[in-house]
Amino acid sequence: MTVREIATTAYSDQKPGTAGLRKKVRVFAQPHYLENFVQSIFDCVPTLRGATLVIGGDGRYHNREAIQTVLAMAAANGVARAVVGQHGLLSTPAASHLIRTLDAAGGFLLTASHNPAGPDGDFGIKFNVKGGGQASETLTRQIHAQSQHIHRYVISDAAAIDIDTLGSHTVEAMQVEIIDSVEAYAELMQSLFDFEAMRAWLRQGHRICFDAMHAVTGPYARRILVEQLGARAEAVLGGVPLEDFGGGHPDPNLVYARHLADLAFGDDAPDLIAASDGDGDRNMILGRGIFISPGDSLAMLAAHLHRLPGYRSGLRGIARSMPTSRAADRVAQALNIPLHETPTGWKFFCNLLDADQITLCGEESFGTSSAHAREKDGLWAVLAWLNVLAASGSSVQQIATRHWQRFGRHYYQRHDYEDLSHEAAQAIMHQLQTRLPTLVGQSLGAWTVSQADSFTYHDPVDGSVAGDQGLRIICADEARIVVRLSGTGTQGATLRLYLERYVSPQGDLAQTPEAALAELAARARDICQLEALSGRTAPTLVT
Ligand code: G1P
Ligand code: ZN
């Protein structure tokens, strides 16, 4: 075994987005591409030397080769111990948990989340820091800058190691442990939830259906839901991880998991229907005859979490990303706890979690989690709902209806305009930003604009400031339009239009979101001059 120093030249396109570096597999497969980025991380995080590093991925195509590369480079860069999930699998929340509990100096998560996989699909790599959270904006900028100057990397020429069998190996002076991907995570879930109550609920004949979408949560769901909680084996769909996710798009929403909505609204629907995404951090929740929007899920969990063992002492605070519906704000107000509004992206929650200022956080993009991890956690959200159902004896429908009758309902939709040209996307943002000041006081259909600005976040913990985090047009409590560009896409630009309308408990709580939001959507398209500037008359995706 020898460590080699390899000369390389920088790639100009290694700027990480909202959650790490994501590109097409063919981009990652270019000579030195992955190596350059990985070395840039080692160069920027010197604390990895002599420390523990966690490595795992969502099981997508290229995962196994990438893990061998990361291992050989970790050994060459002086890492003392690498902990790798068996078969190279670790869900994002499970990896985050391991980083925390092993006191690792960081972790490499090989994932492009819910983006399709396979030779023509996407690949990604994300670095999580000590404590388990995502790299900060500052560190991300440093890594990007380093990737622009890199001219060498170091790598061991040791043979590939067997990542399929539990056990220990050495690469150079580095110890490698292949560990059970699920065990520590399952123990964490047992410490938070009432497994006995959930087992009893299932024994009473209640049914759950969870779709792992042939991605990383399969082994987690089989172990926890089936083996530990006693759900029937058929309760887990897509439980075997596949390199191409079975050709599917493991993004659990009403478009890509339409079959689950059909199940929920069909005859003989299970009591709880749920799914997670490629890397296990997102979740979708449905009940018999009802879909729970992520913003509502956050609010409803906030209202019920104190029933669950890990949360008996109540919530310290709640955080949601700015575009996420304001449903949780009402629960925070009722509980008399702070509500923090952060930019899109999980990393902004981590300071608040570390400073013990919040217990629960979530995003409209099907992400929910609590202080138990530093990532969003799909299976956690499913178990939280399962436990709430078991503890309350209510159905999903009853929980939602009672919630709306108490707090009112926030109708919510996100309209995505995908694969726009960068020019069109910039033009839309630019014209809107310029006009924002003139909108205040203007009427917007039935509503009046009370505030229109570009969102800037002032982190209350470290004082950092993040500007340009989305344009918002607010009509007091009643309606809101948010516009921003995606930071995770790999092709063209994606414009996201977020629509929210509040109806009080006395109003019509039983509309469909489409009907409730139709007028606001039309106004939003006008304000953005979408058709004139992009030629598009309708979104490509509505969630
Ligand atoms: C999207 C979601 C965001 C989420 C991120 C990573 O980012 O909108 O909430 O944190 O994926 O899963 P975007 O593409 O909007 O930048
Ligand atoms: Zn994900």
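Numbers here simply count residues along the sequence, with the first being 1. Start at 1 and go down the list; that is how both ligands and their atoms are numbered.
Interface atoms of ligand 1 facing Lys376, defined by a heavy-atom separation under 4.0 Å, are 4 (C), 6 (C), 10 (O), 12 (O). Below 4.0 Å from some heavy atom of Arg414 lie the following atoms of ligand 1, by number and element: 8 (O). Contact atoms of ligand 1 toward Thr344: 3 (C), 8 (O), 9 (O) (distance under 4.0 Å to a heavy atom of the residue). Annotation for ligand 1: atoms under 4.0 Å from non-hydrogen atoms of Gly487 are 13 (P), 14 (O), 16 (O).
Side-chain atoms of Glu500 and Gln413 include no donor-acceptor pair closer than 3.5 Å.
Asn63 places a side-chain N or O within donor-acceptor distance of the main-chain N or O of Gly88, the cut-off being under 3.5 Å. Between the side chain of Thr324 and the backbone N or O of Glu364, at least one donor-acceptor pair lies under 3.5 Å. Remark: the backbone N or O of Leu188 is paired with a side-chain donor or acceptor of Ser191 at under 3.5 angstrom.
Not close to ligand 1: Glu375, with no non-hydrogen atom less than 4.0 angstrom away. Using a 4.0 Å heavy-atom cutoff, Gly345 is listed among the residues neighbouring ligand 1.
The shortest N or O to N or O distance between Asp281 and ligand 1 is not below 3.5 Å. Considering backbone and side-chain N/O atoms, Arg484 comes within less than 3.5 Å of an N/O atom of ligand 1. Close N/O approach between Arg496 and ligand 1 is found [any backbone or side-chain N/O within under 3.5 Å]. Here's the thing with Glu363: one of its N/O atoms is less than 3.5 angstrom from an N/O atom of ligand 1.
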- [ ] Determine, stepwise, if the pair Asp251 / Arg282 fulfils salt bridge (Lys or Arg N to Asp or Glu O under 4.0 Å).
- [x] CA-CA 8 Å; Asp251 195 3; Arg282 295 187 175 196; 3.1 Å; yes

TODO: Show the numbers, then the answer: is there a salt bridge (Lys or Arg N to Asp or Glu O under 4.0 Å) between Asp277 and Lys376?
DONE: CA-CA 11 Å; Asp277 73 331; Lys376 57 195 168 209; over 6 Å; no

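A cation-pi arrangement, defined by a distance under 6.0 Å to the six-membered ring centre and an angle within 45 degrees of its axis, is absent between Arg26 and Phe123.
The existence of a salt bridge linking Glu375 and Lys126 is confirmed by a sub-4.0 Å separation between a basic side-chain nitrogen and an acidic carboxylate oxygen. Here Arg60 does not pair with Glu243 in a salt bridge; the nearest charged N to carboxylate O distance is not below 4.0 Å. In summary, Lys24 and Asp120 do not engage in a salt bridge, as defined by a charged side-chain N under 4.0 Å from a carboxylate O. For the pair Glu341 and Arg320, the salt-bridge criterion is met [side-chain N within less than 4.0 Å of a carboxylate O].
With Tyr498 as the partner, the side chain to side chain donor-acceptor pair (under 3.5 Å) test is satisfied by one option alone out of Arg480, Arg484, Arg472: Arg484.
With a 4.0 Å heavy-atom cut-off, ligand 1 is reached by no atom of Lys347. Residue Ser365 touches ligand 1 through its side chain alone, judged by heavy-atom distances below 4.0 Å.
Taking the six-membered ring wherever Trp is involved, the centroid distance between the rings of His214 and Phe245 does not fall below 6.0 Å.
Closest heavy-atom approach to atom 1 (C) of ligand 1 among the candidates His114, Gln134, Arg282, Glu364: Arg282.
Protein heavy atom at the shortest distance from atom 14 (O) of ligand 1 is Thr488 OG1, 2.4 Å.
Among protein atoms, those of element N, O or S found less than 2.8 Å away from the Zn ion (ligand 2) are Ser113 OG, Asp277 OD2, Asp279 OD1, Asp281 OD1.
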